[in-house]
Number of protein chains: 2
Amino acid sequence: MTYTRSVPNPEALALDAGLFHLRQLAYLREVARLDGFTRAAEALGVSQPALSQSLADLERRLGVPLFEPDGRHRRLTDEGREVLAFAERALSDLAALRERLDARRRGEAGLLRVGMIDAASLYVLPEVIRRYRLQHPEVELSLVVDTSTELTARLRAFELDLVFVVGAPADSDLRADEVLREPLYVFGPPASRLRTPPADADWVLYPAGSRTRAVIDAGLASLGIAPRVALESHNPEVLRQMVALGLGWTVLPLPVAEERSAGRAPRLRQGPLVTERSLVGVRRRAENARVEAFLALARERHEDAPDTSK
Amino acid sequence: MTYTRSVPNPEALALDAGLFHLRQLAYLREVARLDGFTRAAEALGVSQPALSQSLADLERRLGVPLFEPDGRHRRLTDEGREVLAFAERALSDLAALRERLDARRRGEAGLLRVGMIDAASLYVLPEVIRRYRLQHPEVELSLVVDTSTELTARLRAFELDLVFVVGAPADSDLRADEVLREPLYVFGPPASRLRTPPADADWVLYPAGSRTRAVIDAGLASLGIAPRVALESHNPEVLRQMVALGLGWTVLPLPVAEERSAGRAPRLRQGPLVTERSLVGVRRRAENARVEAFLALARERHEDAPDTSK
DNA sequence: GACCGAGTATAAGTCATGGTGATGGAAGAA
DNA sequence: TTCTTCCATCACCATGACTTATACTCGGTC
């Protein structure tokens, strides 16, 4: 399609003809406030003819006289007062908008939708959430717990702003920063006298296809183990319970295996280190002050806290 | 004072930096509505680069990103949605303003402040007022009755929009049109057997200095009468009553002298024609549709009505 | 009544702005 | 891959907005 200057879209022309510059409203407001073109021009830092022309243009665009002569003065007409009311409303609305935008830019307001895998939600981030809420009370924080894959998809679909997942996505419009490196250990049934799993052991693991499972499989392989999987679950609590019941062996982060409710259940038998999984904070490329503030807290906590991996 | 371009008023600069063109808001709205720069540009009748630049400028002025990349699309950010809300509010407010202004321009709405001398309010204009209210129900009509001199002053002071007074003012920024020529007759006490006043008659007249009085004095002089004034009043009812009580002679328009409440009072004795006074509609030079509509009704009534002067 | 100061409009020139068309890059589809 | 879609960037040009200088109009003054 071509755009010709000489034959513009007529309805667009009609539309445009009535739209003017907000500056003109500011001019009108100042002229009304100071009751005079000359004074207003001086206050606004423009020449008097500039004001005169600008307001004449506004009158043309609105199709009504805004001023009527009163000696050598010009006085607002009724119509002018109507337009003035509009101007003051619009300009103060704009100022309010600016304030809100500034608050958002500083990360002090708005909506922040965070997704995290269950391990993160259980052991790593509750303290971060608490502190973020304290520091940014105007931010509406919404939390989602799901799998890494699902969370990343929802981040990409603009349904979430920040996700804490396992492993960085190979995607150029997502940015990732590591928050935590979490060692994963083999755990066996409490009754087992072995510290390492037998070759014919049954395994209770994260589901095939999950990111943590991929990391675990690689780690087990490096230990010479090809696990026979008896049960799969995304829920680490389920895995721990199954092992506690003697159903097989598993691979878990330490804090999960030592979960408090384990006080009642028998303690799992800890085996060798398998691998580390990396918990990363992922967000879209576009900068968002709320996202960055949350992520900064998460990283800071990691550095401050005594090493949770031992 | 001189205006230098290189050293503008800094606060005015800061102010101006944040003010943009309403067109940019319309662009934003259309992009949001059609979800795409290219489609919006086509709908708006401008080129796609024009839109792209215009919205980039808007982002700069507001200091926040309005869009974030989503594949080859651009998607509104939260901030963008805030600005969009502002845009829709401002543009619809503007549309509403336009409607009100149009109504005013057509004389269908607004405020109309009319002043009239008592004779006009009593005998000439009630019907006009009734019909105007019927035809322009949205116009807020406010009425003031006072002397010609006072009304003209208030018209000049922008406290009234239209006045019906005696005699046109010699003033270039007021416009006057005659509505009615009203004959003035001598009236004597009911008891009098004379049809013309005796040379030693007492007179009861409009106050010296009033316009009607000036007209009357001139008329009486042409009849060879230099009236000895016993009582003055702006109120023609008062004049009529005093004559009815036999206090003296007066000069009045016919309808006043024949006022209905005169049914109880004795009828005045009508004397010779003295002069005519001219009732004119006066308004400021600046055009005002409401004023002109009212005045048109007043003139029309005059032409339609059977001659009230006989 | 001519003159002057105040307040605004108009004129002519300059620079900024916003437009156009052409082109380029990046992402999704074939 | 190549094509298509969508937006950004570029160079150029028309328009618009601002500048200074000047004219006009009104009200006050000698």
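Every chain is numbered from 1 and lettered A, B, ... according to where its sequence line falls, protein lines coming before strand lines. Keep in mind the model is a prediction, meaning the values are calculated, not measured.
Rounded to a whole Å, the CG atom of A:Leu55 is 17 Å from the P atom of C:dG7. Atom pair A:Asp70:CG and D:dT25:C1' shows a separation of 13 Å (rounding to whole Å applied). A:Arg23 has its CZ atom 14 Å from the P atom of C:dA16, to the nearest Å. For B:Leu22 and C:dT17, the CG to C1' distance is 16 Å, given to the nearest whole Å. The interatomic distance linking B:Leu66 (CG) with D:dC7 (C1') rounds to 15 Å, in whole Å. Residue A:Gln24 contributes atom CD, which lies 6 Å from atom P of D:dA17 at whole-angstrom precision. With rounding to whole Å, A:Arg74 atom CZ is found 13 Å from D:dC26 atom P. Residue B:Leu28 contributes atom CG, which lies 14 Å from atom P of D:dC7 at whole-angstrom precision.
For B:His136, the ring pair (Phe, Tyr, Trp, His ring centres under 6.0 Å) partners are B:Tyr132, not counting sequence neighbours.
Looking at the side chain of A:Gln48, the nearest of the listed nucleotides D:dA17, C:dT8, C:dT20 is C:dT8. Closest to the side chain of B:Gln53, out of C:dA9, D:dC10, D:dT19, is D:dC10. Distances were taken from every side-chain heavy atom of B:Ala50 (C-beta onward) to each of C:dT20, D:dA8, C:dA9; the shortest belongs to C:dT20. Among C:dG19, D:dC10, D:dA17, the nucleotide with an atom closest to any side-chain atom of B:Pro49 is D:dC10.
The closest side-chain heavy-atom distance from A:Phe158 to B:Glu68 is below 4.5 Å.
Applying the salt bridge (Lys or Arg N to Asp or Glu O under 4.0 Å) test to residues at least two apart or on different chains, the pairs with a partner in residues 141-155 of chain A are A:Arg154-A:Glu159.
Not one side-chain nitrogen or oxygen of A:Arg39 sits closer than 4.0 Å to the OP1 or OP2 atom of C:dA6. OP1 or OP2 of D:dC18 lies within a sub-4.0 Å distance of a side-chain N or O belonging to A:Tyr27. Side-chain N/O atoms of A:Thr38 include one lying less than 4.0 angstrom from OP1 or OP2 on C:dT8. Between D:dA8 and B:Ser52, a contact under 4.0 Å exists linking OP1 or OP2 to a side-chain N or O. For the pair A:Ser47 and D:dT19, the criterion of a side-chain N or O lying under 4.0 Å from OP1 or OP2 is met.
More than 12 heavy atoms of other residues, nucleotides or ligands lie within 6.0 Å of CD in B:Glu287, so this atom counts as buried by the packing criterion.
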Would you please test A:Glu79 and B:Arg105 for salt bridge (Lys or Arg N to Asp or Glu O under 4.0 Å) and show each step? CA-CA 9 Å; A:Glu79 289 84 353; B:Arg105 190 169 31 196; over 6 Å; no
